[in-house]
Structure formats: structure tokens, C-alpha cells
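Input: a single structure, listed below in C-alpha cells.
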Amino acid sequence: MQDNRWLWLLEALHKLVTSVAVILTTLFGLLVLTFVIGRMVPADPVLAILGDTFDQAAYDRVYQDLGLDQPLYVQFLHYVQNILHLDFGQSNVTKNEVVDDLARVFPATLELAILAITIGTVLGVPLGIISAVRRGTWIDHLARIVGLMGHSTPIFWLGTMVILIFYAGLGWIPGGGRIDLYNDGLVEGPTGMLILDAMLAREWEVFWSALHHILAPALLLGYAAMAYLSRMSRSFMLEQLNQEYILTARAKGLAQPSIVWKHAFRNIRVQLLTVVTLAFCGLLDGAVLIETVFGWPGLGQYLTAALFYADMNAVLGAVLLIGLISILINLLSDVVYRFVDPRTR
Amino acid sequence: ATPQDQLVIATNMTTMRGVDPHEANQIESIEILANLYDRLVYFEPDNLAEPKPQLATSWEVAEDGKTFTFKIREGVTFHSGNPLTAKDVEWSLHRLVKLGLSPAIDLRQWGFNDQNVETLIRMTDQQTVVIETPEVWNKNLILASLASSGCSIVDRELALSKEQDNDMGRNFMQASDAGSGPFSLRSFRPNDVLMVDANKDYWNGAPAMRRVIMRHMPESSVQRLQLEAGDVDVATRLSSTDLAGFESNGTVNIQKVPGYGFYYIALNQKDDILSRPQVREAFRYLIDYEGLASTVMRYYGVMRQTIIPTGLPGVLDSAPYKLDVEKAKALLAEAGLPDGFTKTCYLPSGTPYFEFAQSLQANAAKAGIKLDLQVGDYLGKFRERSTDIYFARSGERLPDPHSILQSYASNSDNSDGAPLSGLLAWRSAWDVPQDMQQKVFAAARETDSTRRAEIYSSLNEEYLTCSPALVTSFERIDVKAVGKRVSGYTGHPTWVTRWDTVTKA
Amino acid sequence: MTMIHKNEGLRAWLLSDDFSSPRHARAHKAYVSWLRFSSNPLAFGGLLVVVLLILAASFAPIFATHDPLAQDFAKALQPPSLGNLFGTDELGRDVYSRLVYGARTTLYITILVTVIVGPIGFVVGAAAGYLGGWVDMVLMRITDIFLAFPSLVLALAFSAALGAGIENAVIAIALTIWPPVARLVRAETLTFRKADFVVAAELQGASTARILLRYIVPLCAPSVIIRLTLNMASIILTAAGLGFLGLGAQPPLPEWGAMAAQGRQYLLDAWWLTAVPGIAILVVSLAFNLLGDGLRDVLDPKHA
Amino acid sequence: MLDAPLLSVRNLTVAFPSLQHVLPAVRNVSFDIGREKVGIIGESGSGKSTTGRAIMRLHPAKTQITADRMEFQGRDLLALSERDMRAIRGHRISMILQDPKYSLNPVMSVGEQVAETAILHEKLSRRDARLRAMEMLEKVHIRDPERVMSLYPHEVSGGMGQRIMISMMLIAKPALIIADEPTSALDVSVRQQVLTILDELVTGNDMGLLFISHDLNLVRSFCDRVLIMYAGRVVEELRASELDQARHPYTQGLLEALPSLTEPKDRLAVLRRDPAWAQG
Amino acid sequence: MMIKVSGLNVTFGQGTKANHVVRGVDFGIGTGECFGLVGESGCGKSTILGAIAGRVKQWSGEIRINGEAVQQSRRELAQLRQQQIVFQDPFGSLHPRHTIGRVLSEPLEIHGISDRDVRIAKVLDQVGLPQRFRFRYPHQLSGGQRQRVAIARALILDPQILLLDEPTSALDVSIQAEILNLLKDLREERGLTYLLVSHDMAVVTHLCDRIAVMQKGKFVEVTTRAAMIKGDLSHPYTRLLRDGSLGYRPVSSTAAE
Ligand SMILES: Nc1ncnc2c1ncn2[C@@H]1O[C@H](COP(=O)(O)OP(=O)(O)OP(=O)(O)O)[C@@H](O)[C@H]1O
Ligand SMILES: Nc1ncnc2c1ncn2[C@@H]1O[C@H](COP(=O)(O)OP(=O)(O)OP(=O)(O)O)[C@@H](O)[C@H]1O
Ligand SMILES: [Mg+2]
Ligand SMILES: [Mg+2]
């Protein structure tokens, strides 16, 4: 017995060590990848820093400051070191530390993405499940059409059309940005997510204004997520409904809703979690485009602006942040997975 | 609609790089700096010939033509509450030169440098500053430089209190205000919004606008819709079609602000093909001046094939070139290139560059020249002299032909390592004809205005006939659409537009 | 009469599953698949659009009514009319003709990416799945790293690093799209690598290459083909996204995403500049999705 | 063997419509079950499971089930609403499936799954249901029910899983149990234990059992009566003890094809199928 | 001795997860003999078979085939050809996209044997399948027919040994009889040596001369056909298995768990 306990502990430790090792290698790979991308850029980082006027001496000084005269691996070590110190360098567009910029723009994207994934999940998962249960009926076809359209529509275009119709044409939605001008700056912090902050500060007018602004982009992003999620939950559900244990549940006398929600749904929860995670990461993609369309001052707009002006520090910072978030979310879903699914405990 | 005591300006903030007057030199930054800070003198947008006092109440130029003595206004305080003295003036101008960033050209071009600035610019007492130029220059050039955003006077005490690693407060001033102007910075979120509040204690009286908001709105259509809806007061980045829409329905006022610059095509003279005079000339026949003028360039430029813009001495209205593909072909054949060639053309993104370049590309193709367009930020590459062809526009800090000519038609050292990277001629590796260069500097030193105008006029003609490496086609204008409720908002040709004159109905 | 008879005979021969030769077996399989596919109207519609796209791309000069590059400032921003079916753009070019030629760009990117990604995905996935051990470890770590990024963001970063242009866009998209394919192939390989028929071949002395090529690849092929077809839809969207941000095909090449993006400048006065290429992207990407779904029904009935 | 049978089936036909044609998987099957153990044997695909499921109406909605009569304790099963049918399933008629590995919900604890039936049909509270479940687990000779209740299906062995399945299906004391190859996934030694438990419970509670299997030896020794199915039809019905005297050539063929431990044969007889059997 | 196994041990995994599956097994099979292995699920029957076939590589001890010791890791083509394996599941043992002809010509191609058509025709005859089945796909065949194809694939290389892993357990009784008869005939015609694994006592007894009973990786008893029929067995576990396969007999219902 005693022996067993030790073995168990060892095993748990081993599992922990391996999963930490996996994450670390993935993170390391992330750094290598961004470093390589950074080196591939044709733009001269020295010039980017020096700006319009420069002379050779200043050039050489900055060249050395940046460590560009060092061998590649030393440069990489520097890169890693800097990142570990949360130093992503300075953006030469905004002239701020990239970290500060990211801290400023990220909450806006997070707010958008969270709302969108909530919309996508709340609508998409039930839709997928219902269409699996009612396979072949009109609702199934509807779900299929919704899903396919969501998979096929260029979101930046849809956004543009929404603005054309609902802003320019009907005037139902605001033309862009996070908030009406007069409400801007009334609440600041602590989360940077305006809706939340406004709620915390009980500034209801700000709250409504922020909600009004976020609705269209969040719905669009949420639609893309919903398309994906409904498709996935439909196929997961179909797979479960063909399982033997469903027959058992029916033989017990359970009604269809109990079978679906109590038995089958429990079995797809974990898979759903994984695809919601994936959808969330996919949302960041959509956010890059939709933020440009809706003038949403978030990570996506920051990234595209940085791309336009070859502001590589900012680009890499943003890309690294997105990669990091994806890894963290995946990790989180992994942990929850282990927690929720008895088979992996 | 916007409140009556607030002005909302829609703009594109993407290129805005901070609000340090000694560092920033983009059009949007400069408009903000013009309002956060004061300078010694200023020029009204409609009278660029006569400097007006701002922080300097009076000034005089000594006999030698080199020594300028400024009396500093009394009782002015910075937004921080610190009093503004000659010490601040002295330190600010030193800072500009010592930091040596883009705006430093305002003083450096007259011969100021790290070594001499401390002795040449000095306070003599609390209210007096003496500026001694290293050489004799036309005094209007010096005063015009002092009126540009680079020579803004900053709050020395505040800047030094925020100093890190001897940066003269550079880090702090990236995103903070240390000025004495009519407005003070309230908040600044890059690529989102910038807000300034009225400085109630401004020496010239509190401005009518309680607050001014600059909003990042890169989409022309969005700017247009917001302006129509009255949600913004001024739109600065409208496309030609949107402006045409406004112009035809007359719902807003359209200001065409002349900019002292040109749309230019820089042909790299290090390139064997592009350095042939016939090839350079051929490009002048490949621009569809008329087509562009009536469509794409309608609100972005005024056709001009020389290098002195409207309103400056020496301006020349002659425009001998027209789109003529056959002529271009003949020139190419003459240059030994009957089958044309392929080159890459680099250009910034956005309107009107993209449309202009595509038009050029199509015409060039007809003449056998294949142009690959590369859209993006290639200024660095241009500065390294490694672009084949670079298409962009220039703008100038000085309302004077000199700065333009210096850039377009002077290049005293065409070697790769020469410290002339600010000059367009150097960037295109163009060995400007010696007599032209000499004329440029002679004109700058000339103190007599009529004589200066004559020199400029002859330079202009020479430029037209020498098949230059920098092909000019349109003189830059910046268009601002201003809501009918707004009055007193006047775009400034050197971008230092002030908001303290604005009132709203 | 005889003709009909002959046809009937052919049909019967095709439908019969009592095969007389390997050719018969193959013909039967193809015919039955076709029957199943063509009974799905949506998938059939998808195929039709794809065929149309290919035709438009190959015979663009015939379909187009104008030179897609010919500019005419006098005719800039004309609304749709008989002369210009979808109007003209800011340089007076015919939008319809640009759309037709744009099909070339779209098809070029889609096919090139697929041609790059398919083999890479196959090699990496099959090697990882079949060889297992540290090979699997290393390859899967690498794919994980690529997968950690949302694909457009990664493609953006690569495009930014490589510079704008259609070839670079292809490389950037390919770099972001191979990992899921490799994953899929690996997963499929894993399900088959322990299958009895693979073990039987191994125990008879078949080489690794033989097993991979003759046993595993044909089994992965259907799901990979389906995946690649569905991928084509996302390639089109990603390419359009890149074009939208100015990183895709460069002018004067007509590219739908770039056309839509450029048209946004003129949204209020010339809606067709944005609407038309956007709809084209939507329709073609929808078609590939439908085609992929239809292929799934045919090639992979267990997942239908 | 009471007078009125529990279940009486006449001319049951089950067909699964597919795209091309409607194929009856079960054709004109008639039988009665009282409080006894009735076995169904037949080769794979002969319609054994289909028959069992048809009784509980567990087939997909579009399946066509017709019968002249299908009465359970006097109620016409085919005429019942889905709601009434649910009250019968698991309560009056239960079903035990072949492989506990697949037929238990993998993410619900054993206790929860067993108690669920009690909550559903006996309207017990959660706590009472738990106690009932524990009791029931004891009845199937699980020694530490408290612990087993908290386990998940993947944590129990096959034999235990099948006993859990039995307890779950018998907790509401149904009158009729349909067991579809309940032991064929189990090892020989465990199989005997599970069958013993099933036997005890069925006999002890006076239930009816329909036992589906393809193991002739097992059915012969376990059941009272045997139905032999071929291609969707019942070709013969016999007392289990009289299986050796089967008259139908199919049954005879099956018996002869079986290798025997006690009476070795040099060659096994090969079944020669007569198309007429399927017509009957 | 066609097959000689001594001190065979197989362990899967390492460290805390090590699973000692076969524990010191010795046996020999004479030429032309049929040797049976019975035991309950998971006791290691297939593993022993796998070690001999070369599928399982983590073994220690000694295995000799036809007098020749075999290596754990690599085997010569000629060695592989001597013994062929037939699997339990007729649905999983044929490549779903290969026609029967292809299935049968694959081993010939691997071993570089030429007259393929002739051999395929012959082996189809031997397992009693019509020639036109060559162009069919597995899904068009019944379970019994597929198992015949699997046997044909094993036979086409003219092996001396057939390793049979529950070759009939997925089949109906009537089909099982056909396959068992076929196996019996083939052995007589070709003088093949069989190693037959099954959990069905009756099947093993029907076909095999000697039978080893396994429990938890060990042989608990090696007995003969005659002894099995008579029930003349020494080990209680063997008796339990034999009784169990005779049909239902109530056991004292004290649970084992
Ligand atoms: N849901 C269904 N849809 C279509 N056909 C079905 C369905 N269920 C069963 N069948 C068909 O009905 C026939 C009888 O199947 P059934 O499962 O009752 O056989 P069985 O006697 O239980 O066989 P086994 O011993 O293999 O379990 C088979 O041909 C099967 O393919
Ligand atoms: N490749 C492998 N890796 C790890 N463990 C294995 C492997 N193959 C088999 N085992 C384990 O070895 C044990 C014996 O397996 P084996 O397949 O030999 O049993 P068996 O007697 O053939 O059983 P069955 O009758 O179920 O086929 C089992 O517990 C199994 O889980
Ligand atoms: Mg069955
Ligand atoms: Mg086995």
C-alpha cells in the first residue's frame, strides 16, 4: 500500500514534469519562430530606430546597442532574455514600450473576443446539438446553412457591408470605435474592458454606449465562432448518439431531453471545451480583420498598423502575445479536461 | 452631434509617433504640438511673409545679419505652473539640436550643431535670448524655422525632473505634454484617441473650445459619415470621391491647404538604366497629368512640374509635359532601350499613392516599362539609396523655397556615406548640376527679396529642362473638410494649425 | 434503340459488382461514387461553381468583356451597366473583367498552396504516425508551435517578414496551413498502423516505404482530400484577408481581397467595388466547402 | 409457467427503410413468454437483437414495426404513446446489453447510473435512490457497494460491469428482462458467476427472461425454451432440454457444426443452406 | 522440432508502468504438429504468438524456428516466409481498398516471386474461393470468405508454420465449421505446423494434438487432446475452463470481487 502511494506520487510527478516540459518546448519554439520571423524582415531595425536623419556613427552605435554584431545564437539569447524581462523593445510607430502598448490594446480585444465567444457558444452549441438530435429536419438544414455560410464569408467584407447597411443606411449602429466621444475617458481601468469597468463604476451611460459599440463586431465574430461550434457540436453529438450507452439510457426509460443533455452532452463537454478553445484562438484571427473594419482600438488594429509601418518590435510582440494566449488557453482547457473527464483523472 | 464647446477632429493617427516636439514630424503630431506648445514667433496661415510675435514680444537682427535678440514675454506659465523664462527657451533650442532627431533640421540646416549650439544660442537675462547663426542667412528663413514645431519651447524644469539616463526627458515627453500652449494634453491612446483640454490661463486668453478631441478614423467613408452626422467637426483624411460628394452637396466647407511639397518620383541614379537622361525624361511623359488631376489628385494636388509651389517666390506656371506614350517610347529607343525594362517601384500605402502609381504603371507598361509596385513603408530603403524607383510626396517645415530646393536640388556630396540622408537628391543619388546647387545656396544667403525671387525663378526653369532624377508632377495640398458649425479653423501650410481661434455655432 | 441498349448495358456493367477485371472494379467504384455525389444537389452546385471558376481562370480572355488593366479616368467609378456589368473602379477599369481575371489569382494561390501543403502534411504526418518515438515527438512539437498561432496572424507575420507579393503570400499561407493536415494524416496513420492488415504486411517483410505508400497513404487519402478541399475555402479566405491588408497579390494583378479592400475607400459612392469581389469570395469559398462536404459523403461514408 | 403469458407476440415484422429498398430484418415472428427463461439463437444477422429491441420499441423513429399482436401484460405495446412506453422501459421491461464497456455511460459514476433508474421510475429522492442502488449492488454480490458506486465504468472489470448493468436494469423490479448476449464479452469463469446471479434474480423475483445468444450450449443449459431464428424468421421453437431432437434441418446443421469437447468429431458437418428456409 | 521456445519472457513498458505479460514459458512444437494455447482474455496468448511471428520485439529468452534462433529486432525475408499469421478479425485483416487479387499478390511482390497469377489461382482453389473473387473488394465478401482470403494470403508464400490467433472467434458456428475443416485439410495436405490460440476449449480440442493452458502469463498445464476430452486434468483452473465451456452450471455465488 505504502509502496503504491509512492508510485502514484512518482507517476503524478512524472506527468507534471512532462507536461511542463511540453509547454516549455512549445514556448521555446514560439520564441524561435518569432525570432526567425524578426530576422527575415527586410527592414533595417537600426534605421527604424534612428528615424529620418542619421549619420554613420549613430548608425554603428545603435547597431551595436542592438547587438546585431553578435553571432546569431547570442542575439537569440538576448532576445529571450529581453522577453523574459517583458522587454519587447520600443514600437517605432507609437514610440511606446511595446509591452505598454500591448497592455493598453489587449483588453479591448479580450473584451470583444470574450463577448464573441460567449455569443458563439451560447448560440452555436445548442444549435449543433439540436440539429444532431433532429437530424435531417429543417433545423438541421438551417444549422448546416448557417455553419457553411459562416465558414465561407470573408469577415472583413461582411463587416464592411454591415457598416454600409446598418450604419450608413439605417443608422442603427455606431460607425466604429469603442465608445461615444462624450463618454470617452469617464471610466478608466481596472480591467481595461470598458463594459466591465463601466459596470464596476456604475456608469450606466458609459456602459450602454460601450455595449452599443461592441455589439456589431462581437456579433460578427460570434457568428464565425457559432458557425464552427455548431458544426463541431453537431458531429460530436451524432457520434455520441450512436453509442451503445445511449441505447442503455433509452432502455432505462429516459426521455429524449435527459438522454441528450444528461448523458450525451456530458460526454461531449470535454471535446466542446477543446473546440471552444480553438474557436477562441480562431477569433483572434477574425479580430485582426474586424478591428480594422470597425476601428476597434485593439490588438488586431495594433498589429495591422504595425505591419503597415514595418514596426517589427510591435508585430513580434503582438504575435508572441497571441501565441502565448493560445498556448495558455490550450493549457487551461487541458487542465479542465483532466479535471472534468473521469477517464483522464 | 458634438457639444458646442468641443472640437472633434477625425484623422489617421497611424503614423503619429509621440508628441515630443523635438522628435515628432508627422502632420498630425505637428498640429497637436502647435497647440500644446508655443514658439518664439509664428506666421498666420494667410500671411507667410510677416512673422508675428508669440513668446517673443519683439526681436531685432544685428548689423552682421547673424545675431538675433529676442525679448521673451513676461508672465507666461507652463501647464505645470512653472514660469516660462529665457532659460527654457535656451534649453529647448539646445535640446532640439542635441537630440538630433528629424526636427533638428530646423536649426541644424543653418549650421548649428552639438558643439556650437551652447555658445551660439544663449540667454543673456531672464527675458532675453540671443541666437547667433553660424553664417549669414536670409533672416526670414531663420524666423520661419523658429516658427516651426521643432522650435517649440518646452518646460525645462518638468522635463529635467522626469529625466532618465540623460535623455533630456525624451522618454517622458513621448506621450506627455510639457508646454505652455493654449491646450494641455489630457489623454493620448495611440491609434485611438487624443484629447486636449483648454488652458484657461493662456496668456492670450482662454480658448473657446473647452476640449479638442482627435480621433483615429483611418477609413475615409467612416470619416465622411461621421462628419455628415455631425459626430465630428473636422475630417482630415477623406478620399477624393468622398470630398467630391461633400463639395457637390455643399454641406461642409472644404479647405484646400497648400502644402510646401510635391508628389515626386525618385529615380535611383545608381542604376544604369534610370540614370540615362532620356529615361528620366521619358517618365515625365508617362504621367497622365490631366486624368489624375480631374480624378485621383483632384483633392490631393495641383498639377505642377517645377519645384516651387504656389504662393512662394519664383513660382512658374509653365507645364510643358503631357501624357505621351509615343514620345516616351521614342526617348527610350534613343536611350538604347527600345524594348523597355523592368523596375520595382516602391510607394507608401493608401490614397492617392496607390491609384497614382497604378496609373503610372499602366502607362509605363504601354511604353514597355514594367513596374512592379511594392506598397508599404520603404522610407528606410529609400534612405539607404536602394530603391529603384520611389514614389511619395514631400512636405516642408519652412514656408520658403529654400527648404524645398535644398532637398530637391542640392547634393554636395553624392557618396554613400555622406551625411546628407535628409535630402531627396542625395537619396536618389542624383549628382545635381553644380551651378544649380550654387544657385540654391546663393538664394538662401540673398537678403534682398526680389533678387531671391529672380534666382528661384531661374532655378525653376533650369529644373524643368535638366531631366531631373526627381520627377515632380503635383504640388501637394492637404484637404480638410470642416463642418459648417465651425469657424476659425484654418489649415496651416506648415501644419501648425491652431485651435485657439476656433469657435462653434 | 440499339444505342439505348448499349447504354443500358454499360450502366449495368458499371453497376454490377461481380467484377471481371481490375478495370471493371475501378470503373464501378468511380461510377457509384459519381452517382452518390451527384445525388447531393448542394455538393453538385459546389462542383459547378468550382468548374466555373476553373473555366473563368483558364479562359479569362474569352469571358472578360474588357482588358482588366485598361484604365480610363473618364469612366472612373461608373455604376453597373450593360457596358460594364459590375461597374468600373476608381481608375476606370471594368470590375467584371477584373473579377474574371481575379479568378486566376485565386485559383493560382489555392492550387499552389494545396500542392505544397498536401505532400508536406503527408510526409510529416505519416512519418510521425508510423515511425512514432522521438520522430513523432519532434515533428508534433513543431506542428504544435505552428498551431499555437491563429493562422491568419501567423500568415501575416510571415508575409510581413517576406514582403508583399503573391508568391510570398502562398508561402505564408502554406506555412500556416500544413500543421492541421499533418495532424490529420498522423491521426489517420495511427488508426491504421496497428491494423491487422498492416501487421500482416510487416510480418511478411514489407518495407516501411511500401507500407506507407501502398497501405497507409491510400487510406488517409480520402480524408486528406476532403480536408484539402475544405482547406481551399480557408485558403481563399486567408488570401483575401492578406489581400485586404495589402499583403497579397500586388497591382496590377486583380485579386479579390485586395479589390474589396481598395473598394472600401469608395464604399459610399461605389458600393459595387466592395460588394462584388466580396460576393465572389463568398461564393467560391462556399463552393469549396460544399464540394468538400459532398466528397466526404462519397469518400468517407462513415462520417457522413 | 403461468396461464397468461407476460408477453405475447404475433407476426412481428420489423423493417428498416433505406434509400433503395425496405428490407424486413424480422418477419412474421410469433412467440409467448411467461415467467420463464426463453432463449433466442441464430447466426449473426438473423434478427435476434432486432426482435429484442422491437419489443421495447427502441429502434430509430423511421423503423417500421408491425405486428398482429404485441401485448405485454395485456397492454398493446404498439399502441402505446411514446410517453407511456417510457414508463414501461426500465420499469416493466428491462434490457441488458452485451458489453458493459460500451453500454455504461463512461462519464457518469456507477452509483449515479444505477440510482437514475430508481429516481426515474420509483420517484425516489436522491438519497433513497442511492440507498436502493447500494442494496441492489449488494444483491448482485458486489462486496463494497459504497466504493463501487463512486467508480467510473472504466475503473471496473468486465464481470463487475455486467453485474452493475444487471443491478441497474433490475432495480425497478421489471416483469420481463431482455438480455442481448449478456455474457459473450466475458471470460468463461466470470460468465458462470454473472449467469448465476441473473438466474437467481430472475427466478427469485419470478420474472420473465428473453435471453439472446449465439452459444448453443449455453442456451441449452440455461434456458427453459429456445427459439431458433434464421434470416429474420423463427424456424423452430423447442424446449431447451429437447434441443437435440430438433427437426428443422437448420437447427440440426447448427448442432452438427459445433465442435464438441466431450464427443470429438473428426470433421465438422457443414451447413447446407436451403433457400426454402428463408421463405418458410 | 519446428518451433522451440525456452525461457520466454515479455515485458511491455518500463518503470512503474512495466507489465510483465509472459513469464518464463517453455514449449516445443514438432513438425506437422498442432499446438493449442488456451486461456482467458489478456493472459498473454497473442503475445507469445507475436513473439514468434516477430510482431512483438520486447522479449527475452530463446526462440528457434526450424532449428534456427531468431533475433528480437530484425528478421531475414527468408525467415519471415517460413511462418505466417492469421488474425482473429476477418474485417480488420484485409486492406479495405485492395482487391483480393492485390491482397494475394502483395506478399509475392515483397518476396520477389514471379508466377503470380498461377499461384493466386492455385491458392484461391485451395481455400475454396471462386476465381472471380480476385477482383472483389473485402467489403463484398462475408466474414467466412474473408477469413479464407486471410488464410490464402498466409499460404501463398508456402510457409511451414501457420500461427493462428483465434481464427474463428468472430465467426458464426456454421462458418467456423467450414474454416476449421479447411485448416484441418490444409494441415493434412501440406504437413503444416500450427500454433493455434483460442479461448474456446472446444475449438482447440478439435484441432490440436497438445494444448497448453495459460493463466497470467504462465503455462499452468500442458495436456493432450485425449486428456482434455476425457476431462483428465490436473490443474483446477483447467477444469474450471473446461466446465465453463460446456454450458451453464450454477456456481456458488460468492463473488470474486
Ligand atoms: N438500425 C438498423 N438499420 C438498418 N438495418 C439494421 C438496423 N439494425 C439491424 N439491421 C439489420 O437487421 C438485420 C438483423 O440484425 P440483428 O442485429 O437483429 O441481428 P442479430 O441476430 O442480433 O445478429 P448478431 O448476432 O450479429 O448480433 C441485419 O441484417 C442488420 O444489418
Ligand atoms: N503492445 C503492447 N503494449 C503494451 N501492453 C500490451 C501490448 N500488447 C499486449 N499488451 C498487454 O499484454 C497482456 C496480454 O495481451 P495478449 O494480447 O497477449 O492477451 P491474449 O491472451 O491474447 O488475450 P485475448 O484473448 O483478449 O486476445 C494484456 O494485458 C495486454 O494489455
Ligand atoms: Mg445482435
Ligand atoms: Mg489475443
Side-chain angles (χ1 to χ4, degrees), chain A residues 22 25-30 32-34 36-43 144-145 147-149 151-158 160-161 163-164 168 235 238-239 278 281-289 292-293 300 303-304 306-308 310 312 315-316 318-319 322-327 330, chain C residues 42 46 137-138 140-142 144-163 175 230 233-234 236-238 240-241 243-247 256-257 260-261 263-264 267-268 271 274-275 277-290 292-293 303-304:
Chain A
V22 164
T25 44
T26 314
L27 282 177
F28 182 77
L30 216 67
V32 174
L33 195 63
T34 46
V36 169
I37 293 175
R39 295 297 121 162
M40 276 164 31
V41 177
R144 195 178 138 104
I145 291 166
L148 275 172
M149 289 302 260
H151 274 284
S152 315
T153 319
I155 192 161
F156 59 86
W157 176 78
L158 199 61
T160 309
M161 291 296 126
I163 287 192
L164 182 66
S235 81
L238 278 180
E239 192 186 324
L278 281 176
C281 297
L283 271 183
L284 295 176
D285 256 359
V288 170
L289 296 167
T292 309
V293 175
L303 177 63
T304 36
L307 280 171
F308 258 52
M312 245 16 226
V315 171
L316 291 185
V319 169
I322 291 173
L324 221 83
I325 292 164
S326 306
I327 290 187
N330 279 314
Chain C
L42 282 179
M137 256 289 288
V138 171
M140 282 306 110
R141 274 290 76 72
I142 294 174
D144 275 352
I145 292 162
F146 278 86
L147 278 174
F149 291 100
S151 65
L152 181 70
V153 168
L154 192 59
L156 276 179
F158 274 116
S159 298
L162 294 167
L175 275 171
L230 293 174
S234 43
I236 290 170
L237 290 183
T238 309
F244 179 76
L245 296 173
L247 287 166
W256 295 346
R264 256 159 36 96
L267 187 62
L268 297 175
W271 53 268
T274 311
I279 291 171
I281 298 170
L282 168 66
V283 167
V284 171
S285 135
L286 187 64
F288 275 110
N289 272 325
L290 289 172
D293 263 17
H303 277 121

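The analysis underlying the following values was restricted to heavy atoms, covering all of them including side chains, and did not include hydrogens, waters or symmetry mates. Every chain is numbered from 1, with letters handed out A, B, ... down the list of sequences.
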Would you mind checking which part of [X] comes under 4.5 Å of any heavy atom in chain A, side chain (CB onward), backbone (N, CA, C, O), both or neither?
X: C/S234; answer: neither
X: C/L247; answer: side chain
X: C/A275; answer: both

Distance from [X] atom [atom1] to [Y] atom [atom2], nearest 0.5 Å?
X: C/L42; Y: A/R144; atom1: CG; atom2: CZ; value: 5.5 Å
X: C/T274; Y: A/I163; atom1: OG1; atom2: CD1; value: 11.0 Å
X: A/L289; Y: C/F244; atom1: CG; atom2: CZ; value: 6.5 Å
X: A/F156; Y: C/L152; atom1: CZ; atom2: CG; value: 10.0 Å
X: A/L30; Y: C/F149; atom1: CG; atom2: CZ; value: 4.0 Å

Answer with side chain, backbone, both or neither: which region of [X] has an atom nearer than 4.5 Å to a non-hydrogen atom of chain C?
X: A/V22; result: both
X: A/V288; result: side chain
X: A/T153; result: both
X: A/L303; result: side chain

I'd like to know which of [options] tops the heavy-atom pair count under 4.5 Å against chain C.
options: A/G29, A/G38, A/G323, A/P154; answer: A/P154
options: A/L158, A/D285, A/L27; answer: A/D285
options: A/L33, A/I327, A/T292; answer: A/L33

On a heavy-atom basis, which atom in [X] and which in [Y] lie closest, and how many Å separate them?
X: A/T25; Y: C/I145; result: O-CD1, 4.2 Å
X: C/A157; Y: A/I37; result: O-CG2, 3.6 Å
X: A/M149; Y: C/L286; result: SD-CD2, 3.9 Å
X: C/A160; Y: A/L307; result: CB-CD2, 3.0 Å
X: A/C281; Y: C/P150; result: O-CG, 3.2 Å
X: C/L282; Y: A/W157; result: CD2-CZ3, 4.4 Å

When heavy-atom pairs shorter than 4.5 Å are enumerated against chain A, which of [options] gives the highest number?
options: C/L267, C/D144, C/L230, C/L154; value: C/L267
options: C/A260, C/G241, C/A155, C/S159; value: C/G241
options: C/G246, C/A240, C/A233, C/A261; value: C/A240

**Message:** Just by distance, no angles: are the side chains of A/S152 and C/N289 close enough, under 3.5 Å, to form a donor-acceptor pair?
**Reply:** yes
**Request:** Kindly determine whether C/R264 and A/V293 satisfy side chain to side chain contact (heavy atoms under 4.5 Å, CB included), including the steps that lead there.
**Result:** CA-CA 10 Å; C/R264 256 159 36 96; A/V293 175; 3.8 Å; yes
